[in-house]
Amino acid sequence: MLKTRMRRLVAQNDDAAARLRKIALSITNLIDEDLLDLADIFKASPASPLGEMARSEMAKRNIKL
């Protein structure tokens, strides 16, 4: 039973990591206007992971709100 649970947890973690990579890639692939819109949406909650990803990508592109 423990091995089954461990396999299930590993699979869930792998799935979550894959989803996170897809989200990060999606943010990277946004055009500048859409990236600015995303950053503007999450401006009110600066500690949100999506907001941090958007701001990081904006810094790479040297664009600001």
Side-chain angles (χ1 to χ4, degrees):
M1 186 82 141
L2 182 59
K3 287 184 181 183
T4 303
R5 184 187 311 158
M6 292 302 292
R7 279 191 221 121
R8 187 179 68 238
L9 289 174
V10 167
Q12 287 174 346
N13 288 341
D14 290 346
D15 290 345
R19 279 193 303 271
L20 184 58
R21 282 190 299 274
K22 288 178 183 178
I23 291 167
L25 183 60
S26 296
I27 291 172
T28 302
N29 290 334
L30 289 174
I31 61 172
D32 288 350
E33 288 180 24
D34 291 340
L35 180 60
L36 289 169
D37 289 341
L38 181 66
D40 193 37
I41 290 168
F42 288 98
K43 182 173 59 175
S45 55
S48 72
L50 286 175
E52 289 176 12
M53 287 180 180
R55 283 189 301 282
S56 173
E57 185 61 28
M58 287 172 52
K60 288 178 190 174
R61 296 182 192 186
N62 199 26
I63 57 176
K64 296 180 182 180
L65 280 175

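All residue numbers refer to positions in the sequence shown, counting from 1. Small disclaimer: the values here were computed from a predicted structure and weren't measured.
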Response to the item:
Applying salt bridge (Lys or Arg N to Asp or Glu O under 4.0 Å) to Asp32 and not counting sequence neighbours gives Arg61
Fill in: Interatomic distance, Asn29 atom CG to Leu35 atom CG [nearest 0.5 angstrom]
11.0 Å
List the atom pairs, donor and acceptor, that lie under 3.5 Å between side-chain atoms in residues 38-45 and the rest of the protein, sequence neighbours left out.
unit_1: Asp40; atom_1: OD1; unit_2: Lys43; atom_2: NZ; d: 3.3

Worksheet item: Are Leu65 and Leu50 linked, directly or through other ILVMFWY residues, by side chains that come within less than 4.5 angstrom of each other?
Response: yes
Side-chain polar contacts of residues 3-27 - donor-acceptor pairs under 3.5 angstrom, sequence neighbours left out - could you list them?
unit_1: Asn13; atom_1: ND2; unit_2: Leu9; atom_2: O; d: 3.4
unit_1: Ser26; atom_1: OG; unit_2: Lys22; atom_2: O; d: 2.9

Worksheet item: Is there side-chain contact between Thr28 and Lys60, with at least one heavy-atom pair below 4.5 Å?
Response: no
